[in-house]
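Input: a single structure, listed below in structure tokens.
Both backbone and side-chain heavy atoms feed into the values below; hydrogens, waters and symmetry mates do not. By convention in this document, chain letters (A, B, ...) are assigned in the order of the sequence lines, proteins followed by strands, and residues within each chain are numbered from 1.
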2 protein chains.
Amino acid sequence: MASSSDPARARGDRVAVTIKDVARVAGLSIATVSKYMNGGHVLDDNRVAIEQAITTLGYRVNVVARGLKTRRTMTVGVLIPSIEQIFSTEIIAAIEKQLAKAGFSTIVCDCQLDAELESRKMEILLEKQVDGIIMMPFSGLAEPIQKAIDQGVPVILIDRKVEGVILDTVLVDNENLARQAVSSLIQAGHRRIGIVLGPKDLYTSRKRHTGYLAACHEHGLVVDPDLIRHSDYQIPGGSAAFLALLDLPDSPTAIFTTNYETTFAAGLIINERGLNIPLDLSWIGFDSLSMAQIFKPRLTIVAQPVRQIGETAAQLILERLSGAGGFACEAREVILPGELIAGLSTGSIRTIAD
Amino acid sequence: MASSSDPARARGDRVAVTIKDVARVAGLSIATVSKYMNGGHVLDDNRVAIEQAITTLGYRVNVVARGLKTRRTMTVGVLIPSIEQIFSTEIIAAIEKQLAKAGFSTIVCDCQLDAELESRKMEILLEKQVDGIIMMPFSGLAEPIQKAIDQGVPVILIDRKVEGVILDTVLVDNENLARQAVSSLIQAGHRRIGIVLGPKDLYTSRKRHTGYLAACHEHGLVVDPDLIRHSDYQIPGGSAAFLALLDLPDSPTAIFTTNYETTFAAGLIINERGLNIPLDLSWIGFDSLSMAQIFKPRLTIVAQPVRQIGETAAQLILERLSGAGGFACEAREVILPGELIAGLSTGSIRTIAD
DNA sequence: CTGAAAGCGCTTACAG
DNA sequence: CTGAAAGCGCTTACAG
């Protein structure tokens, strides 16, 4: 063991115990110690000697060195738009848990809603030699993803597709969920239903838009384009869109906000204006389970299956990494169902009219 | 470049471009390429040759290999109780941003509110050879932390102290914040003020408890032990404690919930029971800024300076890593002020009585 | 089962 | 400025 007069230690340098030290103390070769460390069989006497050496020295394998040799770091990179979005954190938690079971750890990177950072962080993940990547695309550009592909690193996409790359993807049935939500409002008697969407070219927003239209058509409702508002899916933009709907001359009797941020923005405005839900307005939110429970009255929301998204993505990357199914296997697309969770925020329009 | 008939590539293995390839293509030694990669001066002609080789080959430095040699991975581990707690994610975001400026990346580990995992994740961080660790302790045990210390890896603690280790620590002035919150209720005329705390031995809970007592004493209030409820700082325990206060024969006219989860739990119950805030009850929450804004009427809360906590922690670890101040420097303790953000949930008791 | 040797991709004194 | 060589800590055929 490094003596306390070791100049390296005195300087505060890390004086790592290496496999060499273990071998020396155990009186064996490093090859044998390595074999033991990796679960191989060694003679009982040797096993004891090694275990003792490890304990006395406090040896811990250096996975950086191991990774250099094995060319596997047993690490999966997770790249998301923002770590401050609860939608992402729940997914990350599920991914981590699932991967840990298989002996993989994760490196989480967020790009802070910045397209340039998305590319840089992908770069960092690759430099760190992650074995695979699970990515929730932010910019929608293929370029950062292509870097991983070029390097032969498997990528699993979650939440949305990206044009220009064909990869395993875990999606949610956004269209159907939006259709259900809007249908329930129509069935409650609403005829003028506003919707706050995201950017026009965003995959999830497009699907939710389609679902809205489908519900209207099914019930023979004429679609008023004034009721369809695009936003940036952030709080300020969501607020503007929601306000625009409220302030319409012929304002909607119900509004559907289609992601967490726009739902939150709506809550702020409703609170500020002192609107009575559902008397003044019916409302369905998205992705905001905890907010939905606190809100008075309890909000109806569309809930995405966050746990399952994470677990599925982890499963898919593990399959790619184990080579079962393997490199050659075609890209798979998993579409998960979500859930409409009923609260009391969607009053019946007939009751109101009565 | 690896030809497309390369068997490794055919198998889907990663055929990394290495510094050797760059050197060969550029017609130089790997030492020179390495020098260039690390910002050293090379002849202009050589620089051009190297840059060209890098571009054509798509070379990316292998930081795993570099780390093995330099004994610095330029990575800081962040160990937190749960990635699903918004209090943590905001801090993480701040840490990441700050460290990125200095060229460090972060590996975030959460222990999922599991003491055993806290120890294992610390182990994983050390195996990954992180240069330093920022930790929000969960179990309060010194054992996991000691592992890092033994290995000479600097650790910065945030949010709470841990007995048995002396380390740089970033804290919030919990006592004072709680004192302010309770004082404001007393000044509004409340005499029976309930408080939902966390576990008795938890650092932050103890401080908030002390602040409560201090406010009472300052205003000459007799403390009724029935009004002080300990919980596990989770939602179910928080609900139970809050309900117990509500159902007291002589129930409090105001309640202070002292972390995010117990505040959320209170919101659930208030919503379920249809309590009118502040007519039926005055209420001050904690750590729940977004919830506070949605709540009707806007909640008064104690807000911790999450951004600053993260930035300060990052700053401290960078100083330890740069050796400025250095290894020998004594442990520092930074106590940050928080903020009482006023809403409308704390009505005046006099008004009610009138 | 065990050990000597080569090598993963890089950096770093040290000569030249 | 440049290059040959050693070595970071590990694993992995290959002999023995």
With distance as the sole test, does B/R160 use its side chain to make a donor-acceptor pair with the main-chain N or O of B/F138 at under 3.5 Å?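 The answer is yes, because a donor-acceptor pair under 3.5 Å joins these two groups.
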
Between A/T73 and A/Q129 (side chain of the first, backbone of the second, donor and acceptor by atom type, cut-off under 3.5 Å), is there such a pair?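 Between the backbone of A/Q129 and the side chain of A/T73 there is a qualifying donor-acceptor contact (under 3.5 Å).
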
May I ask you to evaluate whether B/N38 reaches the phosphate of C/dT11, defined as a side-chain N or O under 4.0 Å from OP1 or OP2?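 Indeed, a polar side-chain atom of B/N38 lies that close.
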
Can you tell me if the side-chain N/O atoms of A/S29 get under 4.0 Å from OP1 or OP2 in C/dG3?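 So the side-chain polar atoms of A/S29 do come within 4.0 Å of the phosphate oxygens OP1 or OP2 of C/dG3, strictly under.
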
So [X], base contact, sugar-phosphate only, or nothing? Heavy-atom distance under 4.0 Å.
X: B/Y36; value: nothing
X: A/S34; value: base
X: B/V61; value: sugar-phosphate
X: B/I30; value: base
X: B/K35; value: base

Whole-Å gap separating [atom2] ([N]) and [atom1] ([X]):
X: B/R71; N: D/dA6; atom1: CZ; atom2: P; value: 20 Å
X: A/I19; N: D/dC8; atom1: CD1; atom2: P; value: 13 Å
X: A/K69; N: D/dT12; atom1: NZ; atom2: P; value: 8 Å
X: A/Y59; N: D/dG9; atom1: OH; atom2: C1'; value: 7 Å
X: A/R24; N: D/dG9; atom1: CZ; atom2: P; value: 13 Å
X: A/D21; N: D/dC10; atom1: CG; atom2: C1'; value: 13 Å
X: B/N62; N: C/dT11; atom1: CG; atom2: P; value: 9 Å
X: B/M37; N: C/dT12; atom1: CE; atom2: P; value: 13 Å

Would you kindly compare B/L28 and A/L68 by the position of their nearest DNA chain D nucleotide and give the one closer to the 5′ end?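 On the 5' side of the pair lies B/L28.
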
Mapping A/L43 and A/A31 onto DNA chain C by nearest heavy atom, which one lands closer to the 5' end?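 Upstream on the strand: A/L43.
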
Side chain of A/H41 - closest among C/dC1, C/dC8, C/dG3: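 Closest nucleotide to the A/H41 side chain: C/dC1.
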
Taking the side chain of B/T70 as heavy atoms from C-beta outward, which of D/dC10, C/dT11, C/dC10 is closest to it?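 Comparing D/dC10, C/dT11, C/dC10 against the side chain of B/T70, the answer is C/dT11.
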
Is the CZ atom of B/R72 crowded by more than 12 outside heavy atoms at less than 6.0 Å?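 Yes, the 6.0 Å shell around CZ holds more than 12 heavy atoms from other groups.
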
Taking atom CD as the centre, does A/E51 end up with more than 12 heavy-atom neighbours from other residues, nucleotides or ligands that are less than 6.0 angstrom away?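 Yes, the 6.0 Å shell around CD holds more than 12 heavy atoms from other groups.
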
Got a donor-acceptor pair under 3.5 Å from the side chain of A/K20 to the base of D/dG9?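 Not at all, since no donor on one side and acceptor on the other fall under 3.5 Å apart.
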
Looking at D/dA13, which nucleotide sits across from it as a Watson-Crick or G-U wobble partner, both distances under 3.5 angstrom, or is there none?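 The answer is none; no pair meets the criterion.
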
Across all strands shown, which nucleotide pairs with D/dA4 by Watson-Crick or G-U wobble geometry, both distances under 3.5 Å?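 With both distances under 3.5 Å required, D/dA4 matches none.
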
Are B/T312 and B/I158 close enough, and set up right, to give a side chain to side chain contact (heavy atoms under 4.5 Å, CB included), and what steps lead you there? CA-CA 9 Å; B/T312 308; B/I158 56 182; over 6 Å; no

Can you check salt bridge (Lys or Arg N to Asp or Glu O under 4.0 Å) on B/R47 and B/D44, steps first, answer last? CA-CA 5 Å; B/R47 182 178 54 68; B/D44 251 28; 3.7 Å; yes

